[in-house]
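Scroll down for the structure; my scribbles are underneath it.
When a ligand or atom number is given, it counts from 1 through the structure's own listing order. Bear in mind the structure is a predicted one, so any value in this text is a computation, not a measurement.
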Amino acid sequence: MTAYDTENIFAKILRGEIPATRVYEDDETLAFMDIMPRTDGHLLVIPKTPCRNVLDATPEQLASVIATVQKLARAAKTAFDAGGVTIQQFNEAAGGQEVFHLHFHVLPRQDGVSMRPPGQMGDFDEIAAHAEKIRAALD
Ligand code: 5GP
């Protein structure tokens with residue numbers, strides 16, 4: 001398996017080298033807003049320790065990340081009065097992964113509303129407002 005690249009964009013976010021709209025963090029995990037949101041409230045949840053994806057993660061990394069995914073999925077569902085939540089996770093380029101630090105997408109969903117296409121930059125102020133709604137809905 002390819003080695004973890006410490007210069008990937010999420011490693012830089014973790015080190016504070018590039019900005020991110022942070023929503024929640026604990027000792028093991030960080031949740032922040034996706035800059036190209038495919039739904040309102042599109043979040044990413046990552047471990048603070050390095051691993052590329054599910055294929056090289058330890059059981060402990062997976063356990064802590066999935067607990068934070070559940071916490072943020074519940075908060076996002078409440079914040080957006082969503083009918084449901086889509087959780088996506090990709091492994092290696094052939095599996096659809098573009099950033100090689102383990103992450104789960106958390107996407108609040110409304111009945112009958114499709115996700116937006118990938119790769120469209122979101123509006124910064126709108127993303128910040130959505131982050132605030134999710135923070136307010138956290139336990
Ligand atoms: P994936 O690796 O799961 O295919 O996609 C990576 C995700 O990271 C995409 O949804 C993309 O919009 C998001 N992303 C890429 N660069 C940045 C960034 O600099 N900041 C944030 N917050 N999200 C990013």
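Annotation for ligand 1: atoms under 4.0 Å from non-hydrogen atoms of Met36 are 12 (O). Residue Phe90 has at least one heavy-atom neighbour below 4.0 Å for each of these atoms of ligand 1: 3 (O), 4 (O).
Nearest heavy-atom pair, Glu25 versus Leu30, reported as atom, atom and distance to 0.1 Å: CB-CD1, 3.8 Å. Listed here is the closest heavy atom pair of Phe100 and Asn8: O-ND2, 3.8 Å. In plain terms, the two heavy atoms of Val69 and Val106 that are nearest each other are CG1-CG2, 4.1 Å. Looking at every heavy atom in both residues, Ala11 comes nearest to Thr6 through CB-O, 3.4 Å. Pairing each heavy atom of Leu14 with each of Arg22, the nearest pair is O-NH2, 3.9 Å.
Contacts between Phe10 and ligand 1 below 4.0 angstrom, taking non-hydrogen atoms only, involve the side chain exclusively.
Here the side chain of Gln97 pairs a donor or acceptor atom with the backbone of Arg52 at under 3.5 angstrom.
The hydrophobic cluster containing Ile35 does not contain Ile134, counting ILVMFWY residues as joined when their side-chain heavy atoms lie under 4.5 angstrom apart, directly or transitively.
The protein atom (non-hydrogen) at minimum distance from atom 22 (N) of ligand 1 is Met33 O, 2.8 Å. Among all non-hydrogen protein atoms, the one lying nearest atom 20 (N) of ligand 1 is Ile35 CG1, 3.6 Å. Atom 1 (P) of ligand 1 has as its closest protein heavy atom His103 NE2, 3.2 Å. For atom 4 (O) of ligand 1, the closest heavy atom belonging to the protein is Gly96 O, 2.9 Å. In terms of protein heavy atoms, atom 19 (O) of ligand 1 is closest to Ile9 CG1, 3.5 Å. Shortest contact from atom 2 (O) of ligand 1 to any protein heavy atom: Glu98 N, 2.6 Å.
Of the polar atoms of Ala20, none of the N or O atoms is found under 3.5 Å from an N or O of ligand 1, judged by distance alone. Annotation: Ile13 places no N or O atom under 3.5 Å from an N or O atom of ligand 1; distance criterion only. Note: no N/O pair closer than 3.5 Å links Ile18 and ligand 1 by distance alone. At least one N or O atom of Asp34, backbone or side chain, sits closer than 3.5 Å to an N or O atom of ligand 1.
Between His105 and ligand 1 there is a heavy-atom distance shorter than 4.0 Å.
The CD atom of Gln61 lies 11.5 Å from the OG1 atom of Thr29; values are rounded to the nearest 0.5 Å.
Residues passing the ring pair (Phe, Tyr, Trp, His ring centres under 6.0 Å) test with His103, sequence neighbours excluded: Phe10, His105.
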